[in-house]
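First up is the structure itself, then whatever we jot down about it.
Labels below follow one simple rule: chain letters A, B, ... track the order of the sequence lines, proteins then strands, and each chain is numbered from 1. Hydrogens, waters and symmetry mates are skipped; everything else that's a heavy atom, side chains included, is used.
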Amino acid sequence: MSSIGIVTDSTADIPAARLERYGLGLVPLIVSWDGQTFRDKLDLTTADFYLRLRTSKSLPKTGAPSLAAFETAFRDQLQAHDAVISINLASRLSGTYAVARKAAESVDPQRISVVDSGSVSVCLGWLAEIAATLAQQGAPPAEIVAQLEDARGRLRILALVETLEFLQRGGRIGRAAALAGTLLSVKPILSVRDGEVAPVERVRTMNGALRRLVELIVALGPLERLGVVDGDSVNNASEVARQLAVHYPDLTIDRGELGPVVGTHGGPGVVGVGALLAR
Amino acid sequence: MTTPTAARDRARATGADLRAALESAAAWLSSNAERINALNVFPVPDGDTGTNMSMTLQAAVDSLQRLGADVPVSQVGQTAYEAAMLGARGNSGVILSQLLSGFAQALADAAELTPDGLANALSVASDVAYRGVSKPVEGTILTVAREAAAAAVAGARLGREIPEVLERALRAATDAVAATPTQLEVVDQSPVNRQYGRVLAQAVDDEQSTFGFCTEFLLRDCDLPVDEVKSRIDALGESVIAVGNADLLRVHVHTLRPGQALEFAVVHGTLVKVKVDNMQLQHEAFVAAGSQASSSDAERQQASSIGVIAVAAGEGLLKVFRSLGARVVHGGQTMNPSVQEILAAVNSSGYQELIILPNNSNIILTARRVQELTPHRLTVVPTETAPQGIGALLAFNFQADMQTNVGAMEQAARAVHTIEVTRSVRDADIDGVQVQSGDMLGIYDGHIVGVSATADDALLRTFEHAPTGALEIVTIYHGADATEADAHNVAHRIRADHPGLAVEVVAGGQPHYQYVVSLE
């Protein structure tokens with residue numbers, strides 16, 4: 001039985017304990033801010049990031065990991081494993097997946113598979129965990145990739161943002177631009193699916209928006225996994241998690257905080273809910 | 001050439017007579033429009049019944065200009081009806097166009113009008129008008145129309161000639177008006193109803209009108225004989241042509257329901273080369289209501305397959321609706337938008353599926369008429385105020401289908417409460433409140449709940465009717481006759497009395513209403 005190493009990137013939000021358990025490799029994306037360069041979650045902590053974001057005049061920029069970073073990660077994995085599967089941030093949202101593929105080709109295309117998650121954050125994390133679990137059970141790379149592609153189609157993200165400004169400036173707003181420019185103050189709710197950001201609804205008040213977020217998730221039907229993450233908005237996230245727990249008493253609701261790279265594009269005040277639909 | 005002279009032939013009326021009658025009725029309505037506006041029992045400044053009816057009838061009469069002098073009554077009526085249908089404004093305008101519709105339907109084949117024909121036409125007019133209103137209320141123009149028709153029929157049976165048949169109809173109309181309770185606003189149009197007998201119009205029935213869509217298609221391998229195709233299409237419209245053979249058939253029809261013709265075709269053969277043209281668009285210069293071409297609109301259009309059209313008055317309110325992604329139709333200063341103006345917005349929207357928010361109880365019927373005139377899939381969410389419309393628009397889900405969205409938007413509209421503040425234009429005793437001309441009225445969800453000396457005071461006192469425990473946000477839209485500073489003052493006072501309640505001030509710019517307030 002061959003062993004398979006699983007690699008993902010820093011935009012995956014995975015509880016620290018599970019990160020350890022599965023021995024997942026995490027390749028960091030880059031944040032550059034006021035002339036400085038940081039590795040996502042390593043050189044710049046999430047807490048420091050949001051503190052600085054609220055007060056800084058300038059906005060950070062994000063970048064994919066370098067080719068060298070992925071090549072190093074893949075070579076390291078191949079020292080301990082026979083094969084590697086890399087699951088990455090949605091190709092429509094970042095060049096990370098493209099870099100990973102290049103790195104796979106240059107290091108060992110026969111033994112390295114690269115999968116586009118079409119997603120981010122907790123959802124990306126779940127795919128990495130599913131891969132790691134299947135690897136531990138002895139599944140071959142081809143089967144793991146097939147399972148990941150199936151799960152990928154069942155991922156949903158709904159997010160409430162405080163402002164669309166960061167998405168606009170970072171260029172990731174997509175069709176959710178339809179939610180912008182309202183003369184009344186509203187809280188936009190948007191979706192992320194297959195790497196596409198799309199508008200869902202607008203709600204007038206924060207409490208109303210949190211309630212609506214819960215209603216929209218519940219409307220998805222039975223779920224296999226559920227997670228609530230936030231960008232410097234833990235109280236609102238906890239409220240959403242509390243309301244969701246009432247509807248999904250048998251599910252563990254994963255919690256997490258959006259790191260600097262995702263935070264650069266979502267801005268402060270984001271509450272995101274990730275779901276994996278039951279088959 | 002015929003000349004319209006009552007004495008010349010009292011047993012026949014020509015197309016020219018009919019046209020003259022319509023013209024004089026329109027002239028009368030025009031000079032009395034203000035007086036009729038003032039008859040509105042609800043003493044608010046935008047009671048525009050007279051203006052609406054006048055403009056509707058004027059549209060009908062204007063369309064007659066292009067007819068020659070020697071036309072049959074059927075064509076005069078048909079032309080007048082088509083124009084009235086498009087030019088209809090407000091509930092009263094729509095009902096007037098429905099009366100004309102029925103009238104024309106009855107006289108579809110007539111060159112001239114006989115006493116019997118006239119009486120029958122009045123009856124059919126009344127029937128069609130009743131059918132056009134989902135909840136007909138007695139004691140309104142509908143009752144008057146019915147009783148006038150009954151009297152005309154009685155007169156014709158007795159062998160009376162046209163002028164006397166008309167007189168009988170007029171008397172019955174006047175009596176009907178006198179007998180009805182005065183709190184029904186439409187009833188007070190008694191002078192208009194007296195003129196009703198003078199309004200003789202004809203139009204072709206909806207199903208047979210040459211107005212509509214010029215629909216043409218080629219049909220290959222048709223499984224029905226040509227004659228049968230012709231008679232089946234005949235049932236759908238006018239000016240039917242069906243030529244060719246089973247291998248290749250060319251079909252042409254003028255119909256209000258092009259979809260039905262095409263559905264018939266696909267069942268019986270292979271559709272090739274379809275062409276559907278809006279014939280009314282081909283005839284008239286179109287005024288697109290509110291052109292808003294911009295790149296952000298292009299983005300919004302891609303974001304959903306469903307468009308929203310909102311009617312609003314006031315520069316600020318129009319901007320609010322636009323900023324929320326709706327195409328707007330101007331509500332008008334003293335009149336309501338016509339069927340045509342809303343139709344123009346629908347046709348130029350770039351969407352196939354649309355939701356209409358009338359935002360005024362007097363525009364709901366007009367919006368529903370638009371539904372019947374276009375192949376677009378339209379649903380009217382019957383909002384009665386701008387706050388309801390905004391609430392509905394905020395409930396729009398970009399990823400849901402039409403049915404889901406309509407349900408959510410209707411529910412959201414119902415959950416919004418509206419306060420309106422305006423100056424009373426006359427004395428009235430209404431909703432249990434004594435009103436004097438010049439008083440500031442406080443209106444809560446359409447009911448006058450009190451009077452005050454100032455607009456600010458009216459707003460604050462009306463606010464006491466609100467279920468403040470259940471509210472999360474109050475939005476004060478200040479109108480053209482109120483200042484931003486005053487609005488902020490009132491907002492401040494409400495916040496002071498209700499800590500924890502969000503209160504926002506937005507420039508609405510609406511005419512007549514100093515404040516329009518949304519309570520959510």
>> So A:Asp230 and A:Asn236, do their side chains get closer than 4.5 Å, heavy atoms only?
In response: no
>> If you apply the rule side chain to side chain donor-acceptor pair (under 3.5 Å), what do you find for A:Thr205 with B:Glu472, and how did you get there?
In response: CA-CA 7 Å; A:Thr205 63; B:Glu472 287 184 326; 3.1 Å; yes
> Does a sphere of radius 6.0 Å around CZ in A:Arg154 hold more than 12 heavy atoms from other residues, nucleotides or ligands, not counting ones at 6.0 Å or beyond?
Replying inline: yes
> Does A:Glu165 CD have over 12 foreign heavy atoms under 6.0 Å away?
Replying inline: yes
> If you tally heavy-atom pairs under 4.5 Å against chain B, which of A:Asn207, A:Val186, A:Ile189, A:Val200 wins?
Replying inline: A:Val200
>> Shorter than 4.5 Å, heavy atoms on both sides: which option in A:Ser191, A:Pro199, A:Ala176 has the most such pairs with chain B?
In response: A:Pro199
> Is the centre of the B:Tyr444 ring less than 6.0 Å from the centre of the B:His417 ring?
Replying inline: yes
>> So for B:Ala395, is it side chain, backbone, both, or neither that comes closer than 4.5 Å to the heavy atoms of chain A?
In response: backbone
> Is it the backbone or the side chain of B:Val506 that comes under 4.5 Å from a heavy atom of chain A, or both, or neither?
Replying inline: side chain
> Side chain, backbone, both or neither: which part of A:Leu216 has a non-hydrogen atom closer than 4.5 Å to chain B?
Replying inline: side chain
